[in-house]
Protein chains: 2
Amino acid sequence: MPTIKDVAKMAGVSPATVSAVLRGNKRVSDISREKVDAAIAATGYRPNVVARSLRTRQTRTLGLIVPDISNPFYPEIARGIEQTARRHGFDVLFATGGEDFVHTQHLLWHFTDRQVDGIILTSIGLDYPLSVAEWGVPIILVNRKCRGCTTDFIGIDNRAAARDVIHYLISEGHQDIAFVGGPGNSSASLGRLQGYREAMLEAGLDLFDDWLLSGQLRYEDGVRAAHRLVSSRRRPTAIFSADDMMALGILDGLEQRHVEVPREMSVVGFDGIWTSSLHGVQLTTVSQPLYEMGARSTEQLLKRLDGDPSPPVDVLLDYTLVIRKTTGPAPPR
Amino acid sequence: MPTIKDVAKMAGVSPATVSAVLRGNKRVSDISREKVDAAIAATGYRPNVVARSLRTRQTRTLGLIVPDISNPFYPEIARGIEQTARRHGFDVLFATGGEDFVHTQHLLWHFTDRQVDGIILTSIGLDYPLSVAEWGVPIILVNRKCRGCTTDFIGIDNRAAARDVIHYLISEGHQDIAFVGGPGNSSASLGRLQGYREAMLEAGLDLFDDWLLSGQLRYEDGVRAAHRLVSSRRRPTAIFSADDMMALGILDGLEQRHVEVPREMSVVGFDGIWTSSLHGVQLTTVSQPLYEMGARSTEQLLKRLDGDPSPPVDVLLDYTLVIRKTTGPAPPR
DNA sequence: CTGAAAGCGCTTACAG
DNA sequence: CTGAAAGCGCTTACAG
């Protein structure tokens with residue numbers, strides 16, 4: 001592999017001059033530029049990015065941490081991040097396994113050891129003690145935030161979205177509405193729970209204990225929740241799930257118990273993963289702008305890398321309540 | 001940020017000694033080691049991986065290129081790759097956009113500029129003129145191969161799998177079987193087509209022209225194919241799709257035309273993405289070991305990095321024909 | 001406009 | 001067992 005020295009020698013100039021034409025800028029004569037270009041073409045020279053990174057102290061690399069890329073919530077976000085990063089000439093280093101602080105912390109150390117310029121952290125726990133200063137590089141939080149984190153955040157207003165869901169269900173005549181929540185350390189799930197409670201209370205509706213279940217956002221948790229709700233002392237007429245995966249499980253659990261959706265029971269999910277729109281599913285859900293969440297978080301990170309010193313922001317994107325076939329009027333009492 | 005020099009100074013040794021204890025090996029006295037460990041702890045020193053990479057000429061980084069991470073076929077593969085890589089102390093640089101040679105080539109250049117140690121390339125075109133030598137780093141092909149590529153390949157025997165599908169459908173009494181293929185430059189799709197033809201011919205069944213459709217592996221292509229097949233001069237009793245996404249579209253297209261599955265029409269997919277197992281879907285399909293494809297391709301790449309000089313291999317993994325609810329006996333003639 | 005020199009932070013023969 | 005020195009391939013003041 002030819003180095004910058006080889007090119008310089010062949011072009012009859014110094015490495016500094018080659019470096020200058022490489023970066024396009026700087027004052028370098030047309031004649032030098034031509035000689036260098038010719039030498040580059042002749043040698044097939046390609047700059048060594050690692051050497052450049054060592055010298056410039058920037059790697060043009062972003063670190064991305066997702067809990068689990070095979071959860072359909074994340075690929076779309078990852079795509080938004082990767083494409084936006086690449087458009088700005090950044091690469092993304094990809095890691096899975098963020099559902100636990102120790103592992104996340106290891107990945108964070110590792111990424112900073114690798115000198116990434118910034119980090120995008122999706123779906124972290126509320127109790128993660130992360131301060132930006134600690135890591136020396138900008139960090140952007142996506143989807144879930146942590147308590148006391150002094151970091152930019154990209155997501156939606158989960159509380160408002162949950163309120164919208166409940167208002168919609170009430171408008172369809174539902175009064176007995178169950179909620180299947182996510183992990184207790186998820187700010188997103190907590191926001192949805194809060195919105196649910198508020199809207200129910202404001203409407204003067206009962207918050208029956210049996211109607212408050214929770215799971216780990218897996219399909220199986222939904223199946224289980226459906227079974228329990230069906231045999232509840234007081235069976236609800238609608239179930240609001242904190243995510244689509246559980247909602248899918250709820251749908252199947254309901255079918256197993258021969259409860260007809262939406263005639264006997266309405267089901268609402270959250271997230272808007274593509275599966276929810278399948279003809280065989282047709283889940284009513286809160287659609288989050290996943291690609292955009294990825295794109296915006298990357299743009300925000302890039303701003304920080306540009307030196308934007310403004311205080312941390314919460315970027316709340318628009319969501320949409322997509323009404324499909326799993327919800328309808330409450331059954332007559 | 002403290003450097004190795006700072007640690008050396010504090011420990012009263014040379015940077016070379018610090019480097020030695022850092023890498024765990026080498027002959028270094030217990031006394032030196034202790035002093036170095038103490039200095040590392042005191043300074044919070046973390047080695048600069050970029051500097052190390054420049055010197056050792058290895059970045060412990062793998063490049064991964066997928067056409068589209070939001071296609072549910074890839075996240076599971078990516079997970080297998082990332083986890084296997086990380087277990088061996090490698091990072092993965094992640095890029096999307098491989099459905100076109102020019103872009104793929106750009107990414108390949110970029111990755112080699114970045115000095116990745118090896119590259120995993122998923123689903124490339126048959127006509128891509130890739131030679132390993134050209135790139136200077138080992139490349140592993142996953143899912144699709146290219147003509148004349150002198151590279152390791154990880155995938156399944158698509159031809160055999162397609163034959164299994166047809167044999168199964170024949171055993172259910174089907175004779176009029178349509179095939180919806182993928183892109184003509186996909187070795188995987190071509191293998192499936194070949195298996196279909198062979199098995200049909202060997203069974204003495206007709207290969208009616210109208211029954212040979214193709215698409216770009218998108219849901220919409222499936223919907224369209226279903227519409228066409230339903231109004232075909234001679235309507236088939238079974239449709240074999242080259243992938244699950246199109247099969248999902250076929251299912252919905254059939255429903256739109258009020259064709260009942262599987263009573264009037266059987267449908268078989270290919271890939272085994274998780275959606276196919278949903279209760280509302282229950283697609284009969286050829287399940288590929290996606291995670292394992294990722295894991296094995298990474299292991300093969302790691303072997304090459306270890307200097308394994310053996311000729312390129314085709315690693316063919318086991319697949320499973322998963323029979324669910326979209327197939328059944330052929331309707332009476 | 002250009003080049004010589006220093007240096008980014010490591011590791012690796014080499015000599016002792 | 002240990003350290004001084006060189007060098008990985010760039011870029012960046014600096015002097016001319």
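Bear in mind the structure is a predicted one, so any value in this text is a computation, not a measurement. Order of the sequence lines sets the chain letters (A, B, ...), proteins ahead of strands, with each chain counted from 1.
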Check: Counting only Watson-Crick or G-U wobble pairs whose two distances fall under 3.5 Å, which nucleotide matches dT2(C)?
Finding: dA15(D)
Margin query: Rounding to an integer number of Å, can you tell me how far Ile4(B) CD1 sits from dG7(C) P?
Written below: 18 Å
Next item on the list: Mind calculating the distance between CD (Gln58(B)) and P (dT12(C)) to the nearest angstrom?
Entry: 9 Å
Check: Choosing from dT2(D), dA6(D), dG3(D), which nucleotide comes nearest the side chain of Arg55(B)?
Finding: dA6(D)
Item checked: Ser14(A) side chain near dA4(C) phosphate (N/O to OP1/OP2, under 4.0 Å) -> no
Notebook entry, point to check: Is the shortest distance from a Lys or Arg side-chain nitrogen in Glu82(B) or Arg79(B) to a carboxylate oxygen in the other one below 4.0 Å?
Noted result: no
Next item on the list: Return the nearest nucleotide to the side chain of Arg57(A); candidates are dC1(C), dT11(D), dG9(C).
Entry: dG9(C)
Check: Which nucleotide in the list dG9(D), dC10(C), dC8(C) gets nearest to the side chain of Leu54(B)?
Finding: dG9(D)
Check: Above 12 or not: heavy atoms from other molecules or residues under 6.0 Å from CG of Asp314(B)?
Finding: yes
Checklist line | Thr17(B) side chain near dC1(D) phosphate (N/O to OP1/OP2, under 4.0 Å) | finding: no
Next item on the list: Give the rounded distance in Å between these two atoms: CG of Asp30(B) and P of dC1(D).
Entry: 9 Å
Check: So does Thr56(B) get a side-chain nitrogen or oxygen closer than 4.0 Å to the phosphate oxygens (OP1/OP2) of dT11(C)?
Finding: no
Next item on the list: Name the nucleic acid region contacted by Val13(B), choosing base, sugar-phosphate or nothing; use a 4.0 angstrom heavy-atom cut-off, strictly under.
Entry: sugar-phosphate
Check: Is there a donor-acceptor pair closer than 3.5 Å between any side-chain N or O of Ser187(B) and the backbone N or O of Lys145(B)?
Finding: yes
Notebook entry, point to check: Are OP1 or OP2 of dT12(C) and a side-chain N or O of Arg23(B) less than 4.0 angstrom apart?
Noted result: yes
Notebook entry, point to check: Quick one: Gln115(B) CD to dC10(D) C1', roughly how many Å, whole number?
Noted result: 11 Å
Notebook entry, point to check: Within less than 4.0 Å of OP1 or OP2 of dT11(D), is there a side-chain N or O belonging to Arg52(A)?
Noted result: yes
Check: So which one's nearest nucleotide on DNA chain D is more toward 5', Asn48(A) or Ser29(B)?
Finding: Ser29(B)
Next item on the list: Take Asp91(B) and His110(A) through the test side-chain contact (heavy atoms from CB on, under 4.5 Å) and record every step on the way to the result.
Entry: CA-CA 10 Å; Asp91(B) 270 306; His110(A) 179 69; 2.4 Å; yes
Check: Would you say Thr298(B) and His88(B) make side-chain contact, with heavy atoms under 4.5 Å?
Finding: no
Item checked: Rounded distance in Å - CE (Met1(A)) to C1' (dG9(D)) -> 13 Å
Next item on the list: Figure out the CD1/P separation between Ile40(B) and dG9(C), and round it to whole Å.
Entry: 16 Å
Item checked: Note, Leu93(A) side chain near Phe111(A) side chain (heavy atom, < 4.5 Å) -> yes
Notebook entry, point to check: Is there a side-chain polar atom (N or O) of Ser53(A) under 4.0 Å from OP1 or OP2 of dC10(D)?
Noted result: no
Notebook entry, point to check: Of all the nucleotides listed (dT2(C), dT2(D), dT12(C)), which has the minimum atom distance to the side chain of Ala16(B)?
Noted result: dT12(C)
Check: Quick one: is dC8(C) close enough that its OP1 or OP2 comes under 4.0 Å of any side-chain N or O from Thr3(B)?
Finding: no
Notebook entry, point to check: Are any of Ser19(B)'s side-chain N or O atoms less than 4.0 Å away from OP1 or OP2 of dT11(C)?
Noted result: yes
Check: Can you check the Lys35(B) NZ to dC1(D) P distance for me, whole Å?
Finding: 14 Å
Next item on the list: Using whole Å, report how far CG of Asp6(A) lies from P of dC8(D).
Entry: 11 Å
